[in-house]
Amino acid sequence: MTAQAQAAQPSLRTTVRNPRRVSRSALLWTLYLRAPLTRQELVRHTELSATTVNAVIGELIAEGVVTEVEPDPGAGVRRTRARLRLVPEHRYVIGVDIADTRVRVGLFDLARTQRAGVSYPLPSDGYDARIVVGHILTGLDAVVEAAGIPQGHIVGIGIGVSVTGWDAVPLEGLLRTGTALPLHIDSAAEAMGRAEMWFGAGRGVQHAVVALIGSGVGASVITHGASYRGATNSAGQWGHTTVQAGGRSCRCGARGCLEAYVGADAVLERFRQARRGRIAPGADKESAFAALLAAADTSTAAQRVLEEAAVYLGAGIANLVNLFNPQRIILGGWAGLLFGARMLPRIRETVAAQALRRPYAHTDIGLCGLGPHAVALGAAALPVRHFLTEGAQRAARRPATTPRGARTRAAPTTRMPVP
C-alpha cells in the first residue's frame, strides 16, 4: 500500500488470521474517504490484488454495504468502469458537540450527510452535567425520530467535549441511563481536527494544527498524518501556554495564558472594561461576541479590543509555527470563525512579524472549512472508524463500550487522509 493510501485511514494490523477482514477494511476506508472509485482505482489506492478487490467488493455489494454508480450510457464508458461507493443508508452514526455555549446533536449517514440535527443552548453561568446529559439524551431521541431511522441501523454515538474540567465527569455512566448504543468520547479539539483533516480545510496535508476557539482555546496537533496526544492524552492545551508572564488571570489558575487574552469570555470582558462596565448587547455569549465584532465598524473601544486580541492570537500562532513547523494552521470553533472572518489579515500580519521566516513561508493560515458543525461531524467519525476498521461486521452487532467506571477518554491515534 502506498504511503498516501496508508495515511488515508487508521493503521490496520494485518495478521495471517484475518486477511479478509483487513482487505474489507482497507477497501471500505478508501471508499469512505475517496468515493466514487472504480475497481481499478481501488487496486491502485489499496495495493490489493485485482482478484481480492473483485471478490471482496462482490461480498460488500451482496451485503448491501457498497453499491455501483453506473456511468452515463451516453458517455461511451464501458460497464467495467462503473464507480463504487458506500451505500449511505446502510448504517448511521450520531455526533454530539458539547460546547461551552450549546449542545449539538446530529445524525449522519455514511456519506457524511446530516439527516437530522438539534441544538440546545447552555446557560453562561456554569455547566451542570445533568442538564448537558439531559440535552444529549433528548437530542438522541429527537434526531432518530426526525430521520425515521431504526435503532438497529445506528452503529454508535461519538461525543466531542470542549468544556474545561470535564475529564472528571463520568459522562459515559450518566449517558448509560438513557442509551445502550456504543459510546466513543474524545475532546472537541481532536474531533474538529479529525473532521477538518479528513473532509475539510486540512485535506492533502500531513502536518497541521487545528485550533478550536470558543470561551476556551484548544488545538489538535497533526504530525505525519497522525494526531499527537502526549503521554497522558492531554496534549493540545494551547490555550494554557503563556503569552504574558505574570499576566491576566486564567480560569485554570495560572496567569498570562493565551486563553485569558483571546478566549471569547476574555475578549468580551475586555470590551466591558473598555466601556466602563457596559456589556456587549446580545441574548447569549455568541450573539454578544458577534455584536462586538459588528461594533468595530464604529466603536474605537471595540477596534482596540479586537486589535489586541488579534495580536495575542498571532503571537500564539507564531509559537505554533516555530514549535511544530506545520504546513497549515486552521482556526475554528464558534468564536474562532467569527473572529477570524474579520481579523485574519491582522492575525497573519502578527504571525509574519513573530515567527521564524523559513517555517512561516511554508505555513498557510486559514479558517475551518466545515463551519460550526465540524465537531459533531468529527465526533460522528469515531463510531464510523470502528465500523469500517472492523470490516463493517462486528461494530453493527456488538457495542464497543469502555470499561465500567471509565471516564471521558481520548480515541486512539488515527492517521489522517492525504487525498
Side-chain angles (χ1 to χ4, degrees), residues 7 33 97 99 112 160 162 188-214 216-228 236 238-239 241 258-259 261-264 267 286 289-290 293 296 306-307 309-378 381 416-419:
L33 294 169
D97 174 12
R112 305 186 299 276
S162 63
E190 291 294 343
M192 190 176 80
R194 183 179 305 109
E196 288 297 321
M197 296 300 290
W198 286 8
F199 320 121
R203 286 176 69 89
V205 170
Q206 278 279 301
H207 305 276
V209 179
V210 183
L212 188 153
I213 305 173
V217 177
S220 176
V221 178
I222 313 301
T223 178
H224 295 289
S227 173
Y228 176 76
W238 178 47
T241 56
L258 178 65
E259 184 178 300
Y261 293 84
V262 306
V267 176
E286 292 184 23
F289 197 79
L293 291 165
L306 293 178
E307 167 73 13
V311 168
Y312 276 107
L313 181 55
I317 293 173
N319 290 336
L320 294 176
V321 172
N322 293 344
L323 187 62
F324 296 110
N325 187 203
Q327 297 164 277
R328 190 165 299 162
I329 292 176
I330 301 165
L331 303 179
W334 68 267
L337 287 170
L338 289 171
F339 186 64
R342 183 181 184 98
M343 302 300 294
L344 192 56
R346 184 67 179 99
I347 293 167
R348 287 171 172 158
E349 181 182 333
T350 302
V351 179
Q354 296 292 328
L356 294 172
R357 184 173 302 176
R358 186 168 182 271
Y360 175 71
H362 296 275
T363 303
D364 295 326
I365 303 171
L367 299 182
C368 164
L370 298 173
H373 302 292
V375 173
L377 179 58
M416 304 296 180
V418 184

Check whether R348 reaches the backbone of I365 with its side chain - one donor and one acceptor, N or O, closer than 3.5 Å. yes

N/O donor-acceptor pair under 3.5 Å between R194 side chain and A381 backbone: no

Atom CD1 of I317 and atom CD1 of I329: how far apart are they, to the nearest 0.5 Å? 5.5 Å

On a heavy-atom basis, which atom in A191 and which in G160 lie closest, and how many Å separate them? CB-CA, 4.5 Å

Interatomic distance, N325 atom CG to T223 atom OG1 [nearest 0.5 angstrom]: 9.5 Å

Would you say the side-chain atoms of Q354 pair up with the backbone N or O of N319, donor to acceptor, closer than 3.5 Å? no

Minimum heavy-atom distance between A374 and A195, given as atom pair plus value: O-CB, 3.4 Å

Apply the test side chain to side chain contact (heavy atoms under 4.5 Å, CB included) to residues S220 and M192: give CA-CA distance (whole Å), side-chain angles for both, the deciding distance (0.1 Å), then the verdict. CA-CA 8 Å; S220 176; M192 190 176 80; over 6 Å; no

Distance-minimising heavy-atom pair for I213 and L331: CD1-CD2, 4.5 Å

Chi angles and distances behind the side chain to side chain contact (heavy atoms under 4.5 Å, CB included) call for F199, L377: CA-CA 9 Å; F199 320 121; L377 179 58; 3.9 Å; yes

Distance col, row L258:CG vs W238:CH2, nearest 0.5 angstrom, shows 5.5 Å

Please check if the side chain of R203 supplies one atom and the backbone of M197 the other of a donor-acceptor pair under 3.5 Å. no

Are L313 and V217 packed together at the side-chain level, in the sense that at least one heavy-atom pair is separated by less than 4.5 angstrom? no

For the pair D97 (side chain) and V375 (backbone), establish whether a donor and an acceptor sit closer than 3.5 Å, ignoring hydrogens and angles. no

Work out which heavy atom in C368 is nearest to a heavy atom in G332; give both atom names and the distance. CB-CA, 3.7 Å

If I take atom CG from residue L33 and atom CZ from residue R112, how far apart are they, to the nearest 0.5 angstrom? 7.0 Å

With a 3.5 Å distance limit and no angle check, can you tell me whether E196 reaches the backbone of V210 through a side-chain donor-acceptor pair? no

Applying side-chain contact (heavy atoms from CB on, under 4.5 Å), can you list everything that pairs with L323, at least two apart in sequence or on another chain? none

Which atom pairs, donor and acceptor, lie under 3.5 Å between side-chain atoms of residues 333-345 and protein residues at least two apart or in another chain?
unit_1	atom_1	unit_2	atom_2	d
W334	NE1	D100	OD1	3.0
R342	NH1	L293	O	3.3
R342	NH1	D297	OD1	3.2
R342	NH2	D297	OD1	2.8

If you compare all heavy atoms of V267 against all heavy atoms of A309, which two are closest, and at what distance to 0.1 Å? CG2-CB, 4.0 Å

Taking only residues two or more places apart in sequence or in another chain, which ones pass ring-ring contact (aromatic ring centres under 6.0 Å, His included) with H207? H224

Nearest 0.5 Å please: distance from the OG atom of S227 over to the CD1 atom of I222. 4.5 Å

Salt bridge (charged side-chain N to carboxylate O under 4.0 Å, His left out): pairs with one or both residues in residues 309-325, sequence neighbours excluded: none

Would you please name every residue forming a ring-ring contact (aromatic ring centres under 6.0 Å, His included) with Y312, sequence neighbours left out? Y261

Quick one: which residue pairs count as a side chain to side chain donor-acceptor pair (under 3.5 Å) with a foot in residues 355-373, not counting sequence neighbours? none

